[in-house]
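Chain A is the first sequence line, chain B the second, and so forth, proteins listed ahead of strands; every chain is numbered from 1. Any value given below was found using the heavy atoms of this structure, including those in side chains, with hydrogens, waters and symmetry copies removed.
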Number of protein chains: 2
Amino acid sequence: MEKQLKRMATMQRLQTTGLELFYQKGYYNTSVDDILKELSLSKGAFYYHFQSKEEFFISIVQNLLFRKIYSALIEPIEGEEDPLNKIALCFDNALETAEHNFLDYGFVLSNFITEFNGKNPEIMNYLQDILKVWEVNLVTALQKGKTDGYVSRHIDSEAVASYLISSYIGVRTLMVEGNSKILRYKHIQQLRQYLKSMEYKEPA
Amino acid sequence: MEKQLKRMATMQRLQTTGLELFYQKGYYNTSVDDILKELSLSKGAFYYHFQSKEEFFISIVQNLLFRKIYSALIEPIEGEEDPLNKIALCFDNALETAEHNFLDYGFVLSNFITEFNGKNPEIMNYLQDILKVWEVNLVTALQKGKTDGYVSRHIDSEAVASYLISSYIGVRTLMVEGNSKILRYKHIQQLRQYLKSMEYKEPA
DNA sequence: AGTATAACAGACTTAATGGTCTGCTAGAAG
DNA sequence: CTTCTAGCAGACCATTAAGTCTGTTATACT
């Protein structure tokens, strides 16, 4: 029975540090040996558990990335009242973790999209699926906000959702070391202004 | 005298197709041989004109990328009246060329930023310099818009500029094949709404 | 015409990488 | 205690990359 545990533990360790390194250095620029060196493991270990580097990466996307994004960026908004405020808070939190140089999974996702775009359609599908779930959730939250009287009925929920994701992805791309604090501040300020413009207003 | 011309021509050809391939496949995923194969040139030619792959890339950034971005995204806004409209038009134009799968240099820039972030500080500096020029120009245009009576005096020009760049970078990251048309439409729609919220309003 | 050299061709070197394969070892099973 | 195998170590292989170096050719200059 203990072997099952060891198996799981080793796979988890590989995936965790795999994601870290892939994020820091990119997929193509991270060798399997880099990951193994970090964990003092050998090639034998890696290829015993995973068929290839690509299959390994996909397992990371599905097991780690998707779940993390869901819990960090999707679930907090789900079913909440006052979606506009909730969205601003959620994005602000994510940017805060990003500022302290932790893994910000929304950004990790966009990094990978940039890296695999036009190169690996299969992986691209997995990545885009995550984006779709994110977008659908935002749209749902906005629509619910309309019926609950928090959001103006005139807005195009899908357009807003995609604009929100776009600007988030964009600011994270630009948040490189040194300027992240100011950029985050500016971004949240403008985000709130943008969101404010679509609040429901009591008919006079 | 003809040798000078040949020298320039070869270097230009290398840089042009170099940029294309680096954009399509990424810097690290494009070999010098890939570029040479495209042009039916040899290693001797390449290393006769350039010291290394890195120096070659930097020359591309400074000679091609910077100038293209300047003429496509910076110059069209410079000194114009009604900056809000001009910005929307300029961004729309850029996204249109992007939709037809041509080189969109603003996006190329953000792709490279993503690729080199945390890996090559020297190249990062060259890339960020371009961003700074872009941002400064947007700020200047917005400030001029204030004095000319087109833009509300209450806005934070720097925050708006960085938010504009962010959202542009973001939407281009997400504009992968298939969904680009809808995404562009949604984006411009929301961009115009966002810009509208900062128009100068005649005091009642 | 003769020579020097700019511009290039292409074989070669060195280092890294994804993946294979054989073998060892600890713990589960009988 | 013996046997078997999951889990792993690490040498090895094939390929690819950046960069070097020597040789070749066309052109400018005298």
Side-chain angles (χ1 to χ4, degrees), chain A residues 1-61 63 112 115-116 119-123, chain B residues 1-61 63 112 115-116 118-120 122-123:
Chain A
M1 283 297 104
E2 204 175 286
K3 290 215 168 177
Q4 274 291 334
L5 289 177
K6 185 164 195 184
R7 179 186 180 82
M8 298 288 282
T10 305
M11 290 180 75
Q12 287 278 347
R13 290 205 309 155
L14 282 168
Q15 289 173 328
T16 305
T17 67
L19 178 58
E20 271 176 37
L21 292 187
F22 286 145
Y23 163 64
Q24 285 172 29
K25 318 203 301 169
Y27 175 81
Y28 293 109
N29 207 31
T30 301
S31 67
V32 175
D33 281 326
D34 288 339
I35 302 165
L36 296 172
K37 198 174 180 182
E38 196 88 358
L39 296 171
S40 299
L41 284 173
S42 68
K43 276 237 158 71
F46 184 87
Y47 284 96
Y48 177 75
H49 291 291
F50 302 98
Q51 290 177 22
S52 67
K53 189 187 177 186
E54 183 170 327
E55 188 254 4
F56 171 64
F57 182 77
I58 293 174
S59 84
I60 289 179
V61 170
N63 284 308
F112 290 150
E115 189 168 6
F116 289 109
K119 292 164 213 164
N120 192 317
E122 190 190 352
I123 291 183
Chain B
M1 280 300 105
E2 202 176 287
K3 291 217 167 177
Q4 275 290 333
L5 290 178
K6 185 163 195 185
R7 178 187 181 83
M8 298 288 280
T10 305
M11 289 179 76
Q12 287 277 348
R13 290 204 309 154
L14 282 168
Q15 289 172 329
T16 306
T17 66
L19 179 57
E20 271 178 33
L21 291 187
F22 286 145
Y23 163 64
Q24 285 172 29
K25 317 204 298 170
Y27 174 80
Y28 292 109
N29 207 31
T30 301
S31 67
V32 174
D33 281 324
D34 288 340
I35 301 165
L36 296 171
K37 198 175 180 182
E38 197 88 358
L39 295 170
S40 298
L41 284 174
S42 68
K43 274 237 157 69
F46 184 87
Y47 284 96
Y48 177 75
H49 291 292
F50 302 98
Q51 291 178 21
S52 67
K53 188 187 176 187
E54 183 170 328
E55 188 254 4
F56 172 63
F57 182 77
I58 293 174
S59 84
I60 288 179
V61 169
N63 285 308
F112 289 150
E115 189 168 4
F116 289 109
K119 293 164 212 165
N120 193 316
E122 191 190 351
I123 291 183

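Listed candidates were D:dA18, C:dA9, D:dC8. Nearest to the side chain of A:T10 is D:dC8. If you check C:dA6, D:dA9, C:dA11 against the side chain of B:K43, the one that comes closest is C:dA11. Among C:dC8, C:dT20, D:dG10, the nucleotide with an atom closest to any side-chain atom of A:S42 is D:dG10. When each of C:dA9, C:dA7, C:dG19 is scored by its nearest atom to the side-chain atoms of A:K53, the top-ranked nucleotide is C:dG19.
Toward the 5′ end of DNA chain C lies the nearest nucleotide of A:S31, the other residue of the pair A:G44 and A:S31 mapping further downstream.
Between the NE2 atom of B:H49 and the C1' atom of C:dC8 there is a distance of 8 Å, rounded to whole Å. Rounded to whole Å, the distance from OH on A:Y47 to C1' on D:dA14 is 13 Å. Rounded to an integer number of Å, the gap from B:N29 CG to D:dT16 P is 13 Å. Atom NZ in A:K37 sits roughly 14 Å away from atom P in C:dG18 (whole-Å rounding). One atom, OH of A:Y48, and another, P of C:dG18, lie 22 Å apart when rounded to the nearest Å. Atom CZ in B:R7 sits about 17 Å away from atom P in D:dT27, given to the nearest Å. Distance CG (A:L14) to P (D:dA9): 10 Å, rounded to an integer number of Å. In this entry the distance linking CG of A:D34 with P of C:dA16 reads 11 Å, nearest Å.
Looking at A:Q24, its side chain never comes within 3.5 Å of a backbone N or O of B:G118 through a donor-acceptor pair. Of the possible donor and acceptor atoms, one in the side chain of B:K119 sits under 3.5 Å from a partner among the backbone N and O of A:K25.
Other residues, nucleotides and ligands place no more than 12 heavy atoms under 6.0 Å from the CD atom of B:Q51.
Cation-pi geometry between A:K53 and A:Y27 is met: under 6.0 angstrom from the ring centre, within 45 degrees of the axis.
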